[in-house]
Asks: 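Encoded as structure tokens, here's the structure I'll be asking about.
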Amino acid sequence: MTSTVPRAALTELPARTAEWFRAHARDLPWRRPGTTPWGVLVSEFMLQQTPVSRVEPVWLRWMAEWPVPSALAAESRAEVVRAWGKLGYPRRAMRLHAAAQAIATEHGDRVPSDVAALEALPGVGSYTARAVVAFGYGLRAPVVDTNVRRVVARAVHGAGDAGPARTRADLADVDALLPAEDAEAAVVSAALMELGAVVCTARSPRCGVCPVHAECAWVAAGRPEYTGPRRPVQGFAGTDRQVRGRLLDVLRAAEHPVPKAELDAVWADGAQRDRCLDSLLVDGLAEQFADGRFALGGTAPRTTD
DNA sequence: AACTCGTGGCC
DNA sequence: TGGCCAAGAGT
């Protein structure tokens, strides 16, 4: 797949964005010197669909408690899910736990530094793998998230927003923007994300302070509105996601296994409630004991073998 | 390829 | 107020 990035954009945009990033980057904990690739991996898991402000305190706690993959791997899954708290999408906690176990047992407790090995880990996809390579190891890798897709759509292609993901083409577009040298490419990757997160935002972009305002194709085109298809907004009230969240909230808060009656109290619709509880059991986020009571899944600490 | 999976803050 | 959004991944 070849990039559709106009040649003119390849010159100034990456350099200007990187320069702006060096001067204005937010002081996020996982960007501080001394952060290990493991720290970066944990941050990327937590940041999947979750705002920075909610991740920060949890990440700091996790790094203090589990500074290396093997430390998290030795924890019980239930404790990991409990520590995840209300970050949302708790299956991420399970997958991070499983990833830590794979890293500990199959990679000598070192986070892999190549995309293929990273993508083989549970919960690590195209974005997270490249984010670890770039931000954890300072290597050249096209990092494509929703922010970067929006920046490229506007500044390079002159569109109001990014359309549906075209994974191969998106990777090629960003790859074309990266300089050859590893360290500088990693900075550009971080800079493109940062630009999308704080300047080139989805709603009310701050073009007045944008470092690439002068060469932005969207500005040049008069900031046309996005007319393409939009991903349908997910509802939440009344969905299984809400019910699962309430059930899991009870299990997280409980120090001991809880009787079903306690779970029945969180949702009126019995059929939906039972379906959701069953799905939590299937996922492994919950488990049922012989006496009928329920707890977070994986209550027993992992046995070392 | 479309759908699912949590949670909370913001304009 | 409530639709919309926030560093995706798995199926």
Side-chain angles (χ1 to χ4, degrees), chain A residues 21 25-26 28-31 35 39-59 81 84-96 98-99 118-136 141-151 161-168 170-171 174 186 189-198 200-205 226 229-252 266-267 272 275-276 279-280 282-286:
Chain A
F21 180 77
R26 290 169 295 175
L28 304 178
W30 43 88
R31 284 181 180 164
T35 302
V40 171
L41 180 64
V42 172
S43 78
E44 296 302 342
F45 263 89
M46 292 181 170
L47 287 163
Q48 290 169 6
Q49 301 285 283
T50 303
V52 164
S53 60
R54 230 182 304 163
V55 166
E56 279 188 287
V58 183
W59 184 85
V81 170
W84 190 259
K86 307 197 79 169
L87 283 181
Y89 290 142
R91 294 195 292 194
R92 289 182 294 163
M94 280 183 25
R95 291 172 182 152
L96 176 52
L118 283 160
E119 283 186 334
L121 297 171
V124 177
S126 171
Y127 162 77
T128 301
R130 289 168 178 79
V132 169
V133 170
F135 311 144
V143 178
V144 181
D145 76 327
T146 181
N147 289 310
V148 173
R149 289 190 352 101
R150 184 172 55 249
V151 168
D161 205 342
R166 308 140 47 233
T167 310
R168 302 292 296 275
D170 292 338
L171 280 173
V174 175
S189 291
L192 290 172
M193 288 185 60
E194 185 79 350
L195 190 67
V198 306
C200 196
T201 55
R203 294 172 296 195
S204 43
Y226 176 74
R230 288 193 178 280
R231 177 191 278 205
V233 180
Q234 290 187 353
F236 181 63
T239 63
D240 284 5
R241 254 166 35 258
Q242 182 180 26
V243 179
R244 284 165 55 101
R246 288 200 181 177
L247 292 170
L248 206 61
D249 201 32
V250 171
L251 298 181
R252 267 197 309 261
V266 306
W267 198 256
Q272 186 179 20
R275 178 175 73 243
C276 289
S279 75
L280 289 173
V282 169
D283 286 348
L285 283 166

Asks: Under 4.0 Å, counting only non-hydrogen atoms across every strand here, what does A:Gly125 touch: a base, just sugar-phosphate, or nothing?
Replies: sugar-phosphate

Asks: Could you please name the option among C:dA7, B:dC5, C:dA9 that lies closest to any side-chain atom of A:Met193?
Replies: C:dA7

Asks: Within the pair A:Arg244 and B:dG6, is there a side-chain N or O less than 4.0 Å away from OP1 or OP2?
Replies: yes

Asks: To the nearest 0.5 Å, tell me how far A:Asp145 CG sits from A:Gln49 CD.
Replies: 10.0 Å

Asks: Nearest heavy atom decides the nucleotide; on that basis, is A:Ala202 or A:Leu121 closer to the 5' end of DNA chain C?
Replies: A:Ala202

Asks: Distance from A:Glu44 atom CD to A:Trp30 atom CH2, nearest 0.5 Å?
Replies: 8.5 Å

Asks: Could you state the CD-C1' distance from A:Gln234 to C:dA6, rounded to the nearest angstrom?
Replies: 12 Å

Asks: What is the distance, to the nearest angstrom, from the CZ atom on A:Arg54 to the P atom on C:dA7?
Replies: 12 Å

Asks: Between C:dA9 and B:dG8, how far apart are the two P atoms, rounded to whole Å?
Replies: 23 Å

Asks: I'd like to know if A:Asp240 and A:Arg244 make a salt bridge, using a cut-off of under 4.0 Å between side-chain N and carboxylate O.
Replies: no

Asks: Can you tell if the side chain of A:Arg54 reaches within under 4.5 Å of the side chain of A:Met46, non-hydrogen atoms only?
Replies: no

Asks: Could you state the CE-P distance from A:Met94 to C:dG10, rounded to the nearest angstrom?
Replies: 12 Å

Asks: Atom CZ of A:Phe45 and atom C1' of B:dC5: how far apart are they, to the nearest Å?
Replies: 15 Å

Asks: Nearest-nucleotide wise, let me know which of A:Val124 and A:Asn147 is further upstream toward the 5' end of DNA chain C.
Replies: A:Asn147

Asks: For A:Ala131, which contact category applies under a 4.0 Å heavy-atom criterion: base, sugar-phosphate, or nothing?
Replies: nothing

Asks: Can you check the distance between B:dC11 and C:dA7, where both ends of the measurement are the C1' atom (answer in whole Å)?
Replies: 22 Å

Asks: What contact category does A:Ser204 fall into here, base, sugar-phosphate, or nothing, at under 4.0 angstrom with non-hydrogen atoms?
Replies: nothing

Asks: Does B:dG6 have OP1 or OP2 under 4.0 Å away from a side-chain N or O of A:Lys86?
Replies: no

Asks: Classify the nucleic acid contact of A:Trp30 as base, sugar-phosphate or nothing, counting any heavy atom under 4.0 Å across all strands shown.
Replies: base

Asks: For A:Arg26, which contact category applies under a 4.0 Å heavy-atom criterion: base, sugar-phosphate, or nothing?
Replies: base

Asks: Using a heavy-atom cut-off of under 4.0 Å over every strand shown, decide if A:Pro122 touches base, sugar-phosphate, or nothing.
Replies: sugar-phosphate

Asks: Can any side-chain N or O of A:Asp170 pair as donor or acceptor with the backbone N or O of A:Arg166 at less than 3.5 Å?
Replies: yes

Asks: Would you say B:dT7 has OP1 or OP2 under 4.0 Å from some side-chain N or O of A:Arg252?
Replies: yes

Asks: Report yes if a side-chain nitrogen or oxygen of A:Gln49 is closer than 4.0 Å to either non-bridging phosphate oxygen (OP1 or OP2) of C:dA6; otherwise report no.
Replies: no

Asks: Just how far, in rounded Å, is P of C:dA9 from CD of A:Glu119?
Replies: 8 Å

Asks: Could you tell me the separation between the OH atom of A:Tyr89 and the C1' atom of C:dG8, rounded to a whole number of Å?
Replies: 9 Å

Asks: Less than 4.0 angstrom between a side-chain N/O of A:Thr146 and OP1 or OP2 of C:dG8, yes or no?
Replies: no

Asks: A:Arg91 CZ to B:dG6 P: how many Å, rounded?
Replies: 6 Å

Asks: Can you name the one residue among A:Leu118, A:Val174, A:Val144, A:Leu171 that meets side chain to side chain contact (heavy atoms under 4.5 Å, CB included) with A:Arg130?
Replies: A:Leu171

Asks: Quiz question: going by heavy-atom distance under 3.5 Å, is there a donor-acceptor pair between the base of B:dG6 and the side chain of A:Thr50?
Replies: yes

Asks: Between the base of B:dT7 and the side chain of A:Arg241, is one N or O donor paired with an acceptor at under 3.5 angstrom?
Replies: no

Asks: When all nucleic acid strands are considered with a 4.0 Å heavy-atom cut-off, which category describes A:Arg31: base, sugar-phosphate, or nothing?
Replies: base

Asks: When all nucleic acid strands are considered with a 4.0 Å heavy-atom cut-off, which category describes A:Asp240: base, sugar-phosphate, or nothing?
Replies: sugar-phosphate

Asks: Does this structure show an ion pair linking A:Asp161 with A:Arg149, if we count only N-O contacts that are shorter than 4.0 Å?
Replies: no

Asks: Rounded off to whole Å, could you give me the CG-to-C1' distance for the A:Leu87 and B:dG9 pair?
Replies: 15 Å

Asks: Within the 4.0 Å heavy-atom criterion, would you say A:Leu28 contacts the bases, only the backbone, or no part of the nucleic acid?
Replies: base

Asks: Given C:dA7, C:dA9, C:dC5, identify the nucleotide with an atom nearest to the side chain of A:Thr128.
Replies: C:dA9

Asks: Side chain of A:Arg95 only, heavy atoms from C-beta on: which candidate in C:dA7, C:dG10, B:dG6 is closest?
Replies: C:dG10

Asks: Between B:dC5, C:dA6, C:dA7, which one does the side chain of A:Glu44 approach most closely?
Replies: C:dA7

